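The block underneath contains the structure these notes are about, expressed in structure tokens.
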Amino acid sequence: MDFDPHLTTDHSPRNADAHQDTPAPDWPGHWPGGRAPTVLQVVPTLVTGGAERGCVDMALALQAAGGTPLVASQGGPMVRELDRARIPHLTLPLASKNPLTIRRNARRLAAIIREHKVDIVHARSRAPAWSAWLACRETGARYMTTFHAPYNFGSGPVGGRLKRWYNSVMARGERVIAISGFIRDHVLGNYPVDPQRVRVIHRGIDRGVFAPDRVSPARLVTLAKQWNLPDDRPVILLPGRLTRWKGQIVLIDALARLGRKDVLALLVGSDQGRTGYREELENRIAGAGLRGVVRMTDHCSDMAAAYLLSTVVVSASREPEAFGRVIVEAQAMGKPVIVSAIGAYQETVVPGETAWVVPPDDPDALARALDEALSLTPEQREAIGTRAMAFVADRYTKDRMCADTLAVYAELLQPR
């Protein structure tokens, strides 16, 4: 692809619709009638993940905006963040897909809505969303959702119809938040939703964490020693759990075509029990003669430092990403990125200015992009990093995500 590292980025036309429905207001304030809402968010668990991170971030933002946040889930380590902020967490078996449990949860949620005078229930996953929808029908509370993924439709005519019906609860909100334009198109293309009810609000990263000046030299040294990184080799980073659709095999095949032994590629992510796929990757690495070039590491707890230690960050996903937080984080850290031309990645980079965009499952194209990225001069790399950081700061921050979601809450405080 053509890539000019000296271009000046004009962000306005390419993603102009990303926030057009929900301009970021000044908060706290601007609540209809001057009364901030009580909002109950429901998620299956608070263990890890984008839905869970968004839930906690929004609870904290609503509290700061003068509202009353409540969270219901089956629990998990992230409950501690709510406890520290004295935000009530209500433990219910919301991860269960058992129809009887969903009904019981609906009754429990209805009681919570009445007890706490909940104005809005915000559902972020299908099983708890069914309970929330039923509870809102019973109590009159406003019901909204966030669509975090393009849910599949199963197989066969009967199974497909049943799965589509099960998924449809996420499209029944009075407002439906889509975490990317890709997800918005999926919702509108597969469910009978009035487009006026859909709001695109991209997930946001914490710039207090993902900023180059927030990572101390000591953290870089610690991680470099942990990974035993050589000082004289460029580092190619592919973060993501070890699963086939994340495209680790595509990167390995691309590195075989690249033919360079003076680079180090790190596949960073847990196999989550997929030991067969890990063995397949190990065999692929050995078969390609890349044992000294490709390493697999487990989950990394300091990704900000990992990005800074890298030369280029790759996502070789073979299936569409709903948002793709890793690539936004990497750009926030000033790193050039290479992504597959599918899903939301086509929204979260600026092709030819902050990123190389290559066809999915195409090792030859990925090898060519890697060759270009590794050949950048320091000045070119710095120019790309500056543009990438400005691009993310303008669009994909946690503050922006929270302000836009608060604006949706304010919409729902208006009379029906």
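Please read all numbers here as calculations on a predicted model, not as lab measurements.
The closest side-chain heavy-atom distance from L267 to V294 is below 4.5 Å. Side-chain atoms of L94 and V43, non-hydrogen and from C-beta on, never get closer than 4.5 Å to each other. R381 has its side chain within reach of P336: a pair of non-hydrogen atoms, C-beta onward, lies under 4.5 Å apart. Between L223 and C300 the shortest side-chain heavy-atom distance falls below 4.5 Å. Contact annotation: the side chain of R387 never approaches that of V350 to less than 4.5 Å [non-hydrogen atoms, C-beta and beyond]. Here the side chains of V39 and D119 are not in contact, with every heavy-atom distance at 4.5 Å or above. Residues I120 and L413 have side chains in contact (heavy-atom distance under 4.5 Å, counting atoms from C-beta outward). Taking 4.5 Å as the limit, every side-chain heavy atom of S315 sits out of range of all side-chain heavy atoms of L238.
With hydrogens and angles ignored, the 3.5 Å screen pairs no side-chain donor or acceptor of R295 with any backbone N or O of G292. Formation of a donor-acceptor pair under 3.5 Å by the S131 side chain with backbone atoms of I102 is found in this model. Counting only distance, with no hydrogens or angles, the side chain of S270 and the backbone of Q272 share a donor-acceptor pair below 3.5 Å. Under the 3.5 Å distance criterion, the side-chain polar atoms of R318 are left unmatched by any main-chain donor or acceptor of G247. Side-chain N or O atoms of N283 include one that pairs as donor or acceptor with a backbone N or O of E279 at under 3.5 Å. Between the side chain of Q41 and the backbone N or O of C55, at least one donor-acceptor pair lies under 3.5 Å. Judged purely by atom type and a 3.5 angstrom limit, S310 has no side-chain atom pairing as donor or acceptor with the backbone of V313. Here the side chain of Q248 pairs a donor or acceptor atom with the backbone of R241 at under 3.5 angstrom. Side chain of R219 to main chain of R214: a donor-acceptor pair is present (N/O by atom type, distance under 3.5 Å, no hydrogens or angles). With Q63 contributing its side chain and A85 its backbone, the two residues share a donor-acceptor pair below 3.5 Å.
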Next on the checklist: As a quick check of understanding, evaluate side chain to side chain contact (heavy atoms under 4.5 Å, CB included) for R278 and L281, giving each step before the final call.
Outcome noted: CA-CA 5 Å; R278 175 182 282 273; L281 291 175; 5.6 Å; no

Next on the checklist: The test is side chain to side chain contact (heavy atoms under 4.5 Å, CB included); show your working for E81 and L46 and say whether it passes.
Outcome noted: CA-CA 10 Å; E81 295 185 54; L46 283 173; over 6 Å; no

Item to check | side chain to side chain contact (heavy atoms under 4.5 Å, CB included) assessment of L134 paired with Y143 | outcome: CA-CA 10 Å; L134 292 168; Y143 172 70; over 6 Å; no

Checklist entry - Going through the checks in order, is the side chain to side chain contact (heavy atoms under 4.5 Å, CB included) test met by R400 and R395? => result CA-CA 7 Å; R400 183 64 183 255; R395 276 180 163 72; over 6 Å; no

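Summarising the geometry of M333 relative to P212, their closest heavy-atom pair is O-CG, 3.7 Å, with the distance given to 0.1 Å. The two residues V250 and D362 come nearest to each other via the heavy atoms CG1-N, 4.1 Å. A304 and V209 make their closest contact through CB-O, 3.7 Å (heavy atoms, listed as atom of the first residue, atom of the second, distance). In this structure, A65 and A36 approach most closely via the heavy-atom pair O-CB, 4.3 Å. Scanning both residues, T311 and P234, for their nearest heavy atoms gives OG1-CA, 3.3 Å. Contact record, L229 with L266: CD2-CD1, 3.9 Å, taken as the closest heavy-atom pair.
Salt bridge E138/R107: absent, no basic N to carboxylate O contact under 4.0 Å. Salt-bridge check for R199 with E411: passed, with a basic side-chain N closer than 4.0 Å to an acidic carboxylate O. Remark: E319 does not engage R244 in a salt bridge, criterion side-chain N to carboxylate O under 4.0 Å. Using a 4.0 Å cut-off between charged nitrogen and carboxylate oxygen, R368 and D364 do not count as a salt-bridge pair. Between R284 and D253 a salt bridge is recorded (basic side-chain N to carboxylate O distance below 4.0 Å).
The aromatic rings of H186 and F147 lie perpendicular to each other, with more than 60° between the two planes, well past the 30° mark. Between W130 and Y166, the two ring planes are parallel [angle under 30°; tilted spans 30° to 60°].
Shown here is D213, whose CG atom has more than 12 heavy atoms of other residues, nucleotides or ligands within 6.0 Å. Around the CZ atom of R291, the shell of radius 6.0 Å holds no more than 12 heavy atoms that belong to other residues, nucleotides or ligands. Applying the 6.0 Å contact sphere to CZ of R233 captures more than 12 heavy atoms from other residues, nucleotides or ligands. In R80, the CZ atom is not crowded: 12 or fewer heavy atoms of neighbouring residues, nucleotides or ligands sit closer than 6.0 Å. Counting non-hydrogen atoms of other residues, nucleotides and ligands closer than 6.0 Å to NZ of K261 gives a total above 12. Crowding of E382 atom CD: a count of heavy atoms from other residues, nucleotides or ligands under 6.0 Å not exceeding 12. Atom CZ of R274 has more than 12 neighbouring heavy atoms from other residues, nucleotides or ligands inside a 6.0 Å radius.
Distance CD1/I384 to CG/L376: 4.5 Å, rounded to 0.5 Å. How far CD1 of I177 is from CZ of R203: 13.0 Å, rounded to the nearest 0.5 Å. L62 contributes atom CG, which lies 10.5 Å from atom OG1 of T405 (distance to the nearest 0.5 angstrom). Rounding to the nearest 0.5 Å places OG1 of T354 at 14.0 Å from NZ of K335. Between the CG atom of L60 and the CG atom of L82 there is a distance of 7.0 Å, given to the nearest 0.5 Å. A distance of 4.5 Å separates CD1 in I113 from SG in C136, rounded to the nearest 0.5 Å.
No side-chain donor from either of S180 and R184 sits under 3.5 Å from a side-chain acceptor of the other. Judged purely by distance below 3.5 Å, without hydrogens or angles, the side chains of R164 and N167 never pair a donor atom with an acceptor atom. Using a 3.5 Å distance cut-off with no hydrogens or angles, the side chains of T146 and H122 do pair a donor with an acceptor. Judged purely by distance below 3.5 Å, without hydrogens or angles, the side chains of S73 and H89 pair a donor atom with an acceptor atom. Looking only at atom types and distance, the side chain of Y396 has no donor-acceptor partner in the side chain of Q331 under 3.5 Å away. A donor and an acceptor atom, one from each side chain of T243 and Y277, are nowhere located under 3.5 Å apart.
Just one of I327, L251, V312 meets the side chain to side chain contact (heavy atoms under 4.5 Å, CB included) condition when paired with I338; it is V312. Partner V263 forms a side chain to side chain contact (heavy atoms under 4.5 Å, CB included) with one of V235, L370, L290, V293 and no other, that one being V293.
A cation-pi contact, defined as under 6.0 Å to the ring centre and within 45° of the axis, links R137 to W133.
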